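Values reported hereafter were calculated over all heavy atoms of this structure, with side chains retained and with hydrogens, waters and symmetry mates removed. Bear in mind the structure is a predicted one, so any value in this text is a computation, not a measurement.
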Amino acid sequence: MRKGEISAESSIVVLTGAGISQESGLDTFRDAGGIWARYDIDDVATPEGFRRNPPLVHEFYNTQRREAATAVPNPAHAALAELEKVWPGRFLLVTQNIDGLHEKAGSKALFHMHGTLDGFLCEACGRRGSWADDMSTNSTCPQCSHKGALRPDIVWFGEMPYFMPEIYRALGEADLFLSIGTSGTVYPAADFVREARQAGATTVELNLEASRKGRGLFDLEIEGKASDIVPLFVDDLLRGRLPPP
């Protein structure tokens with residue numbers, strides 16, 4: 001298959017970031033006024049920060065968990081779930097988001113590379129599982145019954161994201177790579193477009209603004225609100241109306 005030729009047998013890999021959930025009322029991280037403008041990354045998103053002040057970290061993620069629980073998927077989430085449902089070729093959605101909105105929209109072929117808010121990781125037994133309520137230093141692991149060893153199942157800075165071998169394998173076999181609502185500044189996700197491009201995939205960015213890091217790596221850049229441009233792109237893709245790269 002030549003670059004730019006997308007057929008029903010094509011393999012699609014989609015990467016999403018916080019920008020796709022912004023219109024569902026959830027904050028982004030790196031934008032002006034985003035989460036990292038209000039909190040110190042070192043305090044709430046590193047293993048060292050958790051060791052220094054577990055109550056602060058628990059409070060931070062408890063707030064995010066409660067907000068995500070009431071958030072509703074927007075048309076961009078719904079469009080990707082529909083694309084997965086009807087696409088005859090291989091499809092994989094990789095998200096940096098921890099909010100669970102893709103699942104709410106119906107996505108199933110999904111990797112949470114940075115973990116999820118509705119999960120726990122026990123530092124005593126190493127097991128992971130679902131967690132819906134607030135978490136504290138008094139929480140008990142449902143797997144090993146150890147008290148005080150639970151942390152949110154979130155991949156923090158300095159830790160290895162989940163599912164990396166599977167993700168790189170999919171990128172190496174992709175015919176179409178979509179990057180949606182991500183700044184392109186956090187590695188290793190920022191390098192996914194390069195991996196896909198080297199494998200011969202057509203690369204497309206859908207974002208509020210084109211990412212500076214991705215300049216020259218995307219064959220097609222589409223700017224606008226995710227809830228507007230993602231459904232339109234998916235419709236064009238399914239109808240075979242994509243412009244040539």
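Among His77, His112, Lys108, the single residue meeting the side chain to side chain donor-acceptor pair (under 3.5 Å) criterion with Glu103 is His112. Partner of Ile20 under the side chain to side chain contact (heavy atoms under 4.5 Å, CB included) criterion, out of Leu206, Leu80, Leu101, Val14: Leu80 alone.
Side-chain atoms of Ser21 and Asp99 include a donor-acceptor pair closer than 3.5 Å.
Considering only heavy atoms from C-beta on, Ser10 stays 4.5 Å or farther from Leu176 through its side chain. Counting heavy atoms from C-beta on, the side chains of Leu93 and Ser107 come closer than 4.5 Å. Side-chain atoms of Pro142 and Trp131, non-hydrogen and from C-beta on, do get closer than 4.5 Å to each other. With a 4.5 Å cut-off on side-chain heavy atoms, Lys147 and Asn138 count as touching. Side-chain atoms of Arg194 and Leu217, non-hydrogen and from C-beta on, do get closer than 4.5 Å to each other. Looking only at side-chain heavy atoms (C-beta outward), Glu159 and Pro47 come within less than 4.5 Å of each other. In this structure, the side chains of His114 and Ile154 stay at 4.5 Å or more apart for every pair of heavy atoms.
How far CG of Asn207 is from OG1 of Thr182: 7.5 Å, rounded to the nearest 0.5 Å. To the nearest 0.5 Å, atoms CG (Asp43) and CD (Glu48) are separated by 11.5 Å. Rounding to the nearest 0.5 Å gives a distance of 5.5 Å between CD of Glu195 and OH of Tyr168. Once rounded to the nearest 0.5 Å, the distance linking CZ of Arg197 with CG of Leu171 reads 14.0 Å. Remark: Asp153 CG to Thr116 OG1 distance equals 5.5 Å, nearest 0.5 Å. Distance CG/Asp191 to CD/Gln198: 7.5 Å, rounded to 0.5 Å.
Pairing each heavy atom of Arg128 with each of Gln143, the nearest pair is O-NE2, 4.4 Å. Taking both residues in full, the closest heavy atoms of Ala189 and Gln96 are given as CB-OE1, 3.5 Å, listed atom of the first, atom of the second, then distance. Closest of all the heavy-atom pairs between Val234 and Ala79 is CG1-O, 3.9 Å. Heavy atoms only, all atoms of each residue included: Pro231 and Asp228 are closest at CD-O, 3.6 Å. Residues Cys144 and Cys122 approach most closely at SG-SG, 3.8 Å, considering heavy atoms. The shortest non-hydrogen separation linking Ala124 to His146 is CB-CG, 3.7 Å.
Using a 30° and 60° split on the angle between ring planes, Phe218 and Phe177 fall in the parallel class, below 30°. Relative ring orientation between Phe111 and Phe163 is described as parallel, the plane-to-plane angle staying below 30° on a 0-90° scale split at 30° and 60°.
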Decide yes or no on salt bridge (charged side-chain N to carboxylate O under 4.0 Å, His left out) for Asp175 and Arg90, but give the supporting numbers first.
-> CA-CA 10 Å; Asp175 299 303; Arg90 286 177 294 177; 5.6 Å; no
Kindly indicate, with the supporting measurements, whether the criterion side-chain contact (heavy atoms from CB on, under 4.5 Å) is fulfilled by Val57 and Arg151.
-> CA-CA 9 Å; Val57 175; Arg151 54 166 275 188; over 6 Å; no
For Leu238 and Trp87, run side-chain contact (heavy atoms from CB on, under 4.5 Å): C-alpha distance rounded to whole Å, both residues' side-chain angles, the deciding distance at 0.1 Å, then the answer.
-> CA-CA 8 Å; Leu238 292 175; Trp87 188 252; 3.9 Å; yes
Where do Val94 and Phe192 land on the side-chain contact (heavy atoms from CB on, under 4.5 Å) test, with the steps shown first?
-> CA-CA 10 Å; Val94 180; Phe192 287 177; 4.2 Å; yes
Could you walk me through whether His102 and Thr16 pass the side-chain contact (heavy atoms from CB on, under 4.5 Å) test, one step at a time?
-> CA-CA 10 Å; His102 283 301; Thr16 64; 3.0 Å; yes
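The environment of Lys104 atom NZ is dense: over 12 non-hydrogen atoms of other residues, nucleotides or ligands sit within 6.0 angstrom. Within a 6.0 Å sphere centred on CD of Glu173, heavy atoms belonging to other residues, nucleotides or ligands number more than 12.
Judged purely by atom type and a 3.5 angstrom limit, Arg65 has no side-chain atom pairing as donor or acceptor with the backbone of Ala132. At least one donor-acceptor pair closer than 3.5 Å links the side chain of Thr95 to the backbone N or O of Asn97. With hydrogens and angles ignored, the 3.5 Å screen pairs no side-chain donor or acceptor of Asp118 with any backbone N or O of Ser130.
Cluster membership check: Phe50 shares its hydrophobic cluster with Val44, using side-chain heavy-atom separations under 4.5 Å among Ile, Leu, Val, Met, Phe, Trp and Tyr. Both Met164 and Val13 sit in one connected hydrophobic cluster of ILVMFWY residues. Membership requires side-chain heavy atoms under 4.5 Å apart, directly or through other members. The hydrophobic cluster containing Leu220 also contains Leu83, counting ILVMFWY residues as joined when their side-chain heavy atoms lie under 4.5 angstrom apart, directly or transitively. In the hydrophobic clustering of this structure, Ile98 groups with Leu56; members are Ile, Leu, Val, Met, Phe, Trp, Tyr whose side-chain heavy atoms approach within less than 4.5 Å, directly or through other members. Follow the hydrophobic side-chain contacts under 4.5 Å out from Val230 and you reach Val86 in the same cluster.
A salt bridge is absent between Arg169 and Glu166: the closest approach of a Lys/Arg side-chain nitrogen to an acidic carboxylate oxygen does not fall below 4.0 angstrom.
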